[in-house]
Amino acid sequence: MTHKIISCFTIALCLFLFLCPFVHMYPFSYSSQLDYNFYDRACPRLSMIVRYNIWAALKNDTRMAASLLRMHFHDCIVNINSVVTRCIKLFVLSHGCDGSVLLDDTDEFKGEKNAPANRNSLRGFEVIDSLKADVEKFCPSTVSCADILTLAAREAVVLAGGPFWPVPLGRRDATTASVKAVNEQIPSPFEPLANITAKFTSKGLDIKDVVVLSGGHTLGFAQCFTFKRRLFNFDGLGNPDPTLDSSALSSLRRICPKKDEANSNVAPLDSTNVKFDNTYYTNLVQNTGLLESDQALVNDPNTAAMVNSYSGNPFLFNNDFAASMVKLGNVGVLTGKNGQIRKKCGSVN
Ligand code: HEM
Ligand SMILES: *[C@@H]1O[C@H](CO)[C@@H](O)[C@H](O)[C@H]1NC(C)=O
Ligand SMILES: *[C@@H]1O[C@H](CO)[C@@H](O)[C@H](O)[C@H]1NC(C)=O
């Protein structure tokens, strides 16, 4: 009897040691594990469901295209690392586009939603939650919230007049989120371009991606407090930002008067901010960019030429934007045995 147990144990141990070397062949967190046809069998109606829901959301509120695009960016650019053991090996998983931004705070963690950069600023959680509920009706426990948000952002851009790009799928959802990671990693409109670029390169993106993806500001609005110091006291001596066009200055001062109550008023990020186009870059060339971090792109020799070429070539911008969005959507994805398919996007299973 004891012999049997011992030999069983030995066999199990041998099998374990034999199989462990192959552990690297399991699907881990490599973006190469994503697949364009991932849900073709398990959820053939997925793209129709996404399209209908995003169409309906934009019909009710055109700004929602901007809000969903931004939410996807904030999901992907915030990246926490965790260490997992598979067999006897340690793996470092990086969590980027993992639906972590959608998680509500819990007793165990303070999430991303309520971080200062996101609270009263990110919009559209209810759109993603109800899209997810719709997907669950047709394909229960099949499609991750991370994939739903990625598809929603793509659909929003298309419906706003921007380019289409195929989205590789198969992301899985994070089981935790970190407010600290948001505070350290979301780029601020007040920091220099070099710092913003460093935040992008630490995720495997490059300076071209900074210029191209900043073109997301072709859609949507920003609250006055995010650019107000350009209007009234840029230099500490009461003067406005000298790089801001003077007629843009006076119209922005009307939207954003000095008093604090006006801090949450909103101004368009681009003069055609419900349409996805290259006007963002034309605005920058005309010195009417809204955020300091936007206008900085023309005032830096490393990026000025790109801004000029996108301002003159909408097709080039559309192409490059599509390519950079695919890169952004691959940052720190969880696949295979890592992560989970959440049932509701706001909470872990
Ligand atoms: C490069 C560094 C970036 C900085 C410093 C930045 C900063 C900001 C700020 C301050 C706002 C206004 C938020 C508010 O008023 O509550 C905003 C809005 C927005 N951002 Fe960015 N952003 C950056 C990159 C991006 C990227 C890469 C995308 C997408 C590809 C993006 C898409 C948007 C959109 C669409 C809005 C408008 C959202 C809405 O109207 O609901 N941003 N951004
Ligand atoms: C429509 O949009 C408004 C904001 O513009 C929002 O308050 C409302 O909840 C939305 N309605 C639906 C059905 O999504
Ligand atoms: C930019 O990055 C440098 C080096 O990491 C840091 O010391 C500085 O405080 C950052 N500036 C801003 C405005 O965040």
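Order of appearance sets the numbers: ligands from 1, and atoms from 1 within every ligand.
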statement: heavy-atom search around atom 40 (O) of ligand 1 in the protein gives Arg63 NE, 2.8 Å

- request: Please tell me if the side chains of Phe221 and Pro268 come closer than 4.5 Å, counting only heavy atoms from C-beta onward.
  value: yes

- prompt: Which atoms of ligand 1 are found less than 4.0 Å from any heavy atom of Ser188?
  reply: 5 (C)

field: Subset of ligand 2 atoms that lie under 4.0 Å from at least one heavy atom of Asn60
entry: 1 (C), 2 (O), 3 (C), 8 (C), 10 (C), 11 (N), 12 (C), 14 (O)

statement: Checking heavy atoms under 4.0 Å, the part of Ser293 that sits near ligand 1 is side chain

task: Report, in ascending order of atom number, the atoms of ligand 1 lying under 4.0 Å from any heavy atom of Leu269.
output: 18 (C), 19 (C), 36 (C), 37 (C)

message: I need the atoms of ligand 1 closer than 4.0 Å to a non-hydrogen atom of Pro187, numbered in the order shown.
response: 2 (C), 5 (C)

field: Under 3.5 Å donor-acceptor, Asn278 side chain and Tyr310 backbone
entry: yes

message: Once you restrict to heavy atoms under 4.0 Å, what part of Ile77 touches ligand 1? Side chain, backbone, both or neither.
response: neither

message: Could you identify the single nearest non-hydrogen protein atom to atom 35 (C) of ligand 1 and state the distance to 0.1 Å?
response: Ala66 O, 3.2 Å

- request: Starting from atom 13 (C) of ligand 3, find the nearest protein heavy-atom neighbour and note its residue, name and distance.
  value: Pro192 CD, 3.7 Å

message: Just by distance, no angles: are the side chains of Gln295 and Asn287 close enough, under 3.5 Å, to form a donor-acceptor pair?
response: yes

field: Heteroatom proximity flag, Pro189 to ligand 1, N/O under 3.5 Å
entry: no

statement: Distance col, row Leu159:CG vs Lys59:NZ, nearest 0.5 angstrom, shows 13.0 Å

field: Tyr52 and Asp134 side chains, donor-acceptor separation under 3.5 Å
entry: no

query: Any idea which atoms of ligand 1 are less than 4.0 Å away from a heavy-atom of Ser67?
result: 39 (C), 41 (O)

message: Distance check, rounded to the nearest 0.5 Å: Ile80 atom CD1 versus Leu93 atom CG?
response: 10.5 Å

- request: Classify the contact between Arg123 and ligand 1 as side chain, backbone, both or neither, using a heavy-atom distance cut-off of under 4.0 Å.
  value: side chain

task: Considering heavy atoms of the protein only, find what lies nearest to atom 24 (C) of ligand 1 and give residue, atom and distance to 0.1 Å.
output: Phe73 CE2, 3.4 Å

message: Give me the residue, atom name and distance of the protein heavy atom closest to atom 16 (O) of ligand 1.
response: Ser121 OG, 2.5 Å

task: Tell me which protein heavy atom sits closest to atom 1 (C) of ligand 1, plus the residue, atom name and distance to 0.1 Å.
output: Ser214 OG, 3.5 Å

message: Under a 3.5 Å distance rule, please check whether Ser311 uses its side chain to pair with a backbone N or O of Thr282 as donor and acceptor.
response: no

- prompt: Is atom 9 (O) of ligand 3 less than 4.0 angstrom from some protein heavy atom?
  reply: no

message: Distance under 4.0 Å to a non-hydrogen atom of Gly220: what atoms of ligand 1 satisfy this?
response: 37 (C), 40 (O)

field: Ring center gap for Phe317 and Tyr280 short of 6.0 angstrom
entry: no

Protein contact of atom 4 (C) of ligand 2 - nearest heavy atom, named by residue and atom, plus distance: Asp61 OD2, 4.2 Å

message: Please check this pair: side chain of Asp173 against backbone of Gly99, looking for a donor-acceptor N/O pair closer than 3.5 Å.
response: no

query: When only distance counts, is Asn120 in polar contact with ligand 1, meaning an N/O pair under 3.5 Å?
result: no

message: On a heavy-atom basis, I'd like to know which of Thr218, Leu213, Leu219 is closest to atom 27 (C) of ligand 1.
response: Leu213

message: Looking at ligand 1, would Leu291 count as a contact under a 4.0 Å heavy-atom criterion?
response: yes

- request: Verify the distance criterion only: is there a donor paired with an acceptor across the side chains of Glu112 and Ser100 at less than 3.5 Å?
  value: yes

message: Show, in sequence, the C-alpha distance, side-chain angles and deciding distance for Arg342 and Ser347, and conclude whether the side-chain contact (heavy atoms from CB on, under 4.5 Å) test is met.
response: CA-CA 7 Å; Arg342 264 179 237 149; Ser347 57; over 6 Å; no

message: Measuring from atom 21 (Fe) of ligand 1, which candidate in Arg70, His217, His74, Glu191 has the nearest non-hydrogen atom?
response: His217

- request: Identify, by atom number and element, the atoms of ligand 1 in contact range of Ala222, meaning under 4.0 Å from any of its heavy atoms.
  value: 12 (C), 15 (O)

task: State yes or no: do Phe234 and Val298 share one hydrophobic cluster built from I, L, V, M, F, W and Y residues joined by side-chain heavy-atom distances below 4.5 Å, directly or via other members?
output: no

- prompt: Any donor-acceptor pair under 3.5 Å linking the side chain of Thr218 with the backbone of Asn273?
  reply: no

message: Could you tell me, atom by atom, which parts of ligand 1 come under 4.0 Å of a heavy atom of Thr226?
response: 10 (C), 15 (O)

field: Residues Gln223, Lys228; criterion side-chain hydrogen bond (donor to acceptor under 3.5 Å, both in side chains); working and verdict
entry: CA-CA 9 Å; Gln223 298 175 68; Lys228 204 170 175 181; over 6 Å; no

- prompt: ligand 1 versus Val266, non-hydrogen atoms closer than 4.0 Å: side chain, backbone, both, neither?
  reply: neither

Polar side chain donor-acceptor pair, His217 to Asp270, under 3.5 angstrom: no

message: Which residue and atom name correspond to the protein heavy atom nearest atom 14 (O) of ligand 3, and how close is it?
response: Asn195 ND2, 3.5 Å

